[in-house]
Trainee: 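Handing you a structure now.
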Amino acid sequence: MEYDFREIEKQWQEKWKAGKAYKVSNDSAKPKYYVLDMFPYPSGAGLHVGHPLGYIASDIYSRYKRLKGFNVLHPMGFDSFGLPAEQYALETGQHPAETTRINIATFKSQLDKIGFCYDWDREVRTSDPSYYRWTQTLFLKLFNSYFCNTQKKARPIADLIKKYETKGSRHFTAEQWNAFSKKEQEDILMSRRLAFSAYGEVNWCEALGTVLANDEVVNGVSERGGFPVVKKKMRQWYLRITAYADRLLEGLETVDFSESMKEMQRNWIGRSEGAEVEFAIDGSEKKLRVYTTRPDTIFGVDFMVLAPEHELVASITTAEQKQAIDEYLGYVKSRSDRERMAEVKQITGCFTGAYALNPFDGKKIPVWIAEYVLAGYGTGAIMAVPCGDQRDYSFAKHFNIPITNIIGSHYNGEEANPTKEAILENSGFLNGMLMKDAISVAVNKIEELGIGKRKVNYKMRDAGFSRQRYWGEPFPITWKDGIAVPLDESELPLELPHVDKYGPGPEGEGPLANLNDWVNVEGGRRETSTMPGYAGSSWYFLRYMDPHNEQSFCDRKASDYWNQVDVYIGGTEHAVGHLLYSRMWTKVLFDLGYISFDEPFKRLVNQGMIQGSSRFVYRIKGKNEFVSLGLKNKYETDPLHVDVNIVDGIELNINAFRKWKPEFSEAIFICEDGSLNTPISGGRGAGGEAKYICGSEVEKMSKSKYNTVNPDVLVEKYGADTFRMYEMFLGPVEASKPWDTKGIEGVHRFLRKLWRLFNDELKGKIWNEEKATDAELKILHKAIKKIEEDTERFSFNTAVSSFMICVNELADAKCFKKEILEKILILLTPYAPHIAEELWSQLGNNGSVLDAAYPVFDGKYLVETSKDYPVSVNGKLRTNMSLPVDIQQQEVEKLVVENDVVQKWLEGKAPKKIIFVKGKMINVVI
RNA sequence: GCCCAGGUGGCGGAAUUGGUAGACGCAGCAGACUCAAAAUCUGCCGUUCGCAAGAUCGUGCUGGUUCGAUUCCAGUCCUGGGCACCA
């Protein structure tokens, strides 16, 4: 009997489906385990071999945990709202709902072929009304909450209203509050809500009449059409994630993420400690507030810089400078965020004509504006200290502003020195102090004089939460007299209405604004923007726990049972966005008492990227002739990407290439040996068919580079089990590595070899029920130990290699014994479930191998009486000696000195020292 | 510029705590079986020297610590990823 993987895999997939083998219950006596993948966006291109890497890893781990006796939740779903579907609709007129449905069907069929253990009954789709109903509900919970700065947690906005009504606040009394108009009250509340609306700048393209994402703006013009893009203030929705900045930082201490991942999140949050300081402006009542982390350098301030958008710019600019400033502002407006960020080297700015006064020595400090100061960070104004900050230094040099040196010899006059270790000079009351000590002295003085205070700042901003788009969750909000009125939760879902046109609405609003019937409701107008892609993905891990609940987004009993995601697997590209948002949502839901944990993911594993290995052919300039890699330098050639699927290793399938594209049908090839291959004659080299060798390069896997490999093709050719094991065998899950189909043969051979331990091609069944020998048990238990350890630490590549070693050893030992083999099958189940189940049933077992008990390692089979020690002389390996395991130092020394090889190296001298590490090695020092 | 990862045979990679560098697989070479091919099996497979035994060098580079370094430390180069005028 042969290993007919196609038949076997088909048959068992059907049986598992019929028997609901992957059904997961919320009601189990077993301990729970939750393994989650970052769910995919169902793109039109389908899966390539890079996608399933993480899915296979998590599937192996889930199946392993199941065998170890856990009730495992391992769900899958689709992040199905998003821009690409809408863009596609704009181009083709096909409705996103329809293309999304088709794409999901493709994804599911591709995933199913690989044999994942998903309980599809728990599938979620973020674009499904039965799902986004709850996204809208959670939005309302955010809308109806505020962050209490005393308790450092979210609380219902009703609590805040009650407080305002009875006690007032720092800014108004209870009486004043009660006398405010409804609109005034709502505006105050809006400034506290966790989901709030405010004016913010967007990339506005007048020609397209729409708002663009940063991605869609290239070099200051729109990607589509190349029209100019300017910044425009528009009403937007935001999530107040900054309120959670400290808790998001603290929470990192409690989770098992990689250090680099934590570091990225810390950098994104960007907490810094410093001070806000007020500077008087010469001849004006206005005060200028700056934020600085280095108040110790205050005597070294040689100029001030405001962001061009700063509110003081208009009022402090002098008449003489007005024209120059206006020109500069015009220039800044023409520049996109991208450009302002990209061109770091270019120094621009303009003097306002105004002077600020140093609060300590009264020195007049010129006030400039420059685009390198960002309006959104700190106070949008800085005090510039050229001797201590490189950007300030370059700016001063460029505009010939005199530089004050406050750090003596630490400043060399040629570049800034940001040290904190220098002794201060030219610094009034700070003179003679070490800079790092002077920081708090300076702040204390500033606070004492009432001109500033300590301040903690964050780089992170509140997260923009609205998009002027169609394919997203509608906001359950109606605007009435300028007030945002939420829908009642019972009115949800607010379904996304059908549209026929996907173009923007009037005034830059989203496509929904075109639907008058939908927008205009009694007494108000619906919010026409929709939620961004990350809305649905911020909480989906909760919905899997209780996917069909119609009373709540997730029953408390279900979330108490499944609790945190034990292992979360996904790529680093979501390091900051998605992970921070879902961590924030979790904290809010925890604060409000809906769930019992405030970090969603206990452990995070980042899978690496699978890169494409591109292949090139070399076309001779101006001809339809291609020259093989080794000869290409003799001609002037252009490299052309060629589809990797018609190249075997690096050898081109010439006939397939001619059929690949019509323009190549008549192509002529100069092969590696110099012979010609033409469409008529074919190729006849000296020794048969001559080869055309391709060039290769590692690049990102993408359709346009013709280096994508479809898993379907490999599953069809080698089977799902081979494919799964090969993806793992490629290297560590965390590492990025290029895909090379060539090696898959080796894994396939391994599975066939395993098969032959049970069945012989001629004799049929060869497995038997004889008693296993100690040597065979040793092979087994060595494998159990290694494979269990490797699986536990996500080292799947070494586990696969251990399987190979084990099967090689069993084959060498001609061990066909059920006692051994059935244990191997259980070990193999997470990796290659189909073949494991088939052979398991051939062995005459009744139940499924999916629920077998994981073999228990017994160390007694591995006990050795002697050990083969490496013996080094002066650290260089010279020989080996077999010694009893319980041997003592003294005896070792005696035996080692007697050894012939050691004798030779000793040359009659006595060793200085003999190092003996029990169980490891021996080193003779001469 | 800053931060993070990484650099080991022709290739993917292994070496879990400082202790035999190159497991396992691919590719390659030689052989067995076969009329032949496929499949399968056996042997070889980092460098240089050598018939061999063996020696020599060898984990990006330069140093250091150590009886012993792919592993730890300092410096440096390169590659990949992320962030980016953050005061």
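The figures that follow rest on heavy atoms only: side chains count, while hydrogens, waters and symmetry mates do not. Per chain, numbering begins at 1; letters A, B, ... match sequence-line order.
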Trainee: A:Pro738 near the nucleic acid: base, sugar-phosphate alone, or nothing, with a heavy-atom cut-off under 4.0 Å?
Mentor: nothing

Trainee: Using a 90° cut-off around 0 for syn, call B:G9 syn or anti.
Mentor: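 Base orientation: syn.
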
Trainee: When you measure from the side chain of A:Lys867, which nucleotide among B:A55, B:A14, B:U20 comes out closest?
Mentor: B:U20

Trainee: Categorize A:Trp739 for me: base, sugar-phosphate, or nothing, with a 4.0 angstrom heavy-atom threshold over every strand shown.
Mentor: nothing

Trainee: Under 4.0 Å between any heavy atoms, over every strand shown, what does A:Lys459 touch: base, sugar-phosphate, or nothing? Just pick one.
Mentor: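 Since a base atom lies under 4.0 Å of A:Lys459, the category is base.
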
Trainee: Distance check, P atoms only: B:A21 and B:G54, in whole angstrom units.
Mentor: 16 Å

Trainee: What's the closest nucleotide to the side chain of A:Tyr372 if the choices are B:C85, B:A87, B:G13?
Mentor: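 Among B:C85, B:A87, B:G13, the one nearest the side chain of A:Tyr372 is B:C85.
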
Trainee: Between the protein and nucleotides 24-26 of chain B, which nitrogen or oxygen pairs come in under 3.5 angstrom?
Mentor:
residue, atom, partner, partner atom, Å
B:G25, OP1, A:Asn808, ND2, 3.2
B:C26, OP1, A:Arg749, NH1, 2.4

Trainee: Is A:Ser272 touching bases, backbone alone, or none of the nucleic acid, heavy atoms closer than 4.0 Å?
Mentor: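 Sugar-phosphate contact only - A:Ser272 comes under 4.0 Å of backbone atoms but never of a base.
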
Trainee: Under 4.0 angstrom, heavy atoms only, what part of the nucleic acid is A:Arg793 near: base, sugar-phosphate, or nothing?
Mentor: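 The answer is base, as A:Arg793 lies within the cut-off (heavy atoms under 4.0 Å) of a base atom.
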
Trainee: Polar atom pairs between nucleotides 57-60 of chain B and protein, under 3.5 Å, N or O only, would you list them?
Mentor:
residue, atom, partner, partner atom, Å
B:C57, OP2, A:Lys876, NZ, 3.3

Trainee: Contact class for A:Asn797 (heavy atom, under 4.0 Å): base, sugar-phosphate, or nothing?
Mentor: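 It contacts sugar-phosphate atoms only.
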
Trainee: Using atom CE of A:Met609 as one end and atom C1' of B:G81 as the other, report the distance to the nearest whole Å.
Mentor: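 Computing the A:Met609:CE to B:G81:C1' distance gives 7 Å.
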
Trainee: Within a strict 4.5 Å, meaning less than it, do heavy atoms of the A:Arg289 and A:Phe279 side chains meet?
Mentor: no

Trainee: Do A:Val605 and A:Arg603 come close enough that some side-chain heavy atom pair is under 4.5 Å?
Mentor: yes

Trainee: Verify the ring-centre separation between A:Phe794 and A:Tyr61: is it less than 6.0 angstrom?
Mentor: yes

Trainee: Within the structure, does a side-chain N or O atom of A:Ser258 lie under 4.0 Å from either OP1 or OP2 of B:A5?
Mentor: no

Trainee: Taking the ring centre of each residue, are A:Tyr372 and A:Phe395 less than 6.0 Å apart?
Mentor: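 Aromatic pair counts; centres sit under 6.0 Å.
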
Trainee: With C1' as the reference atom in both, quote the distance from B:U59 to B:G46 in angstrom, rounded to an integer.
Mentor: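 11 Å, rounded to whole Å.
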
Trainee: Please confirm whether A:Tyr726 and A:Phe723 have ring centers closer than 6.0 angstrom.
Mentor: no

Trainee: Taking only N/O atoms, report every protein-nucleotides 64-68 of chain B pair under 3.5 Å with atom names and distance.
Mentor:
residue, atom, partner, partner atom, Å
B:C67, O2', A:Asn923, ND2, 3.2
B:C67, O2, A:Asn923, ND2, 2.7

Trainee: Using a distance-only test with no angle check, is there a side-chain donor-acceptor pair under 3.5 angstrom linking A:Asn267 and A:Lys459?
Mentor: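 No, A:Lys459 and A:Asn267 have no side-chain donor paired with an acceptor closer than 3.5 Å.
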
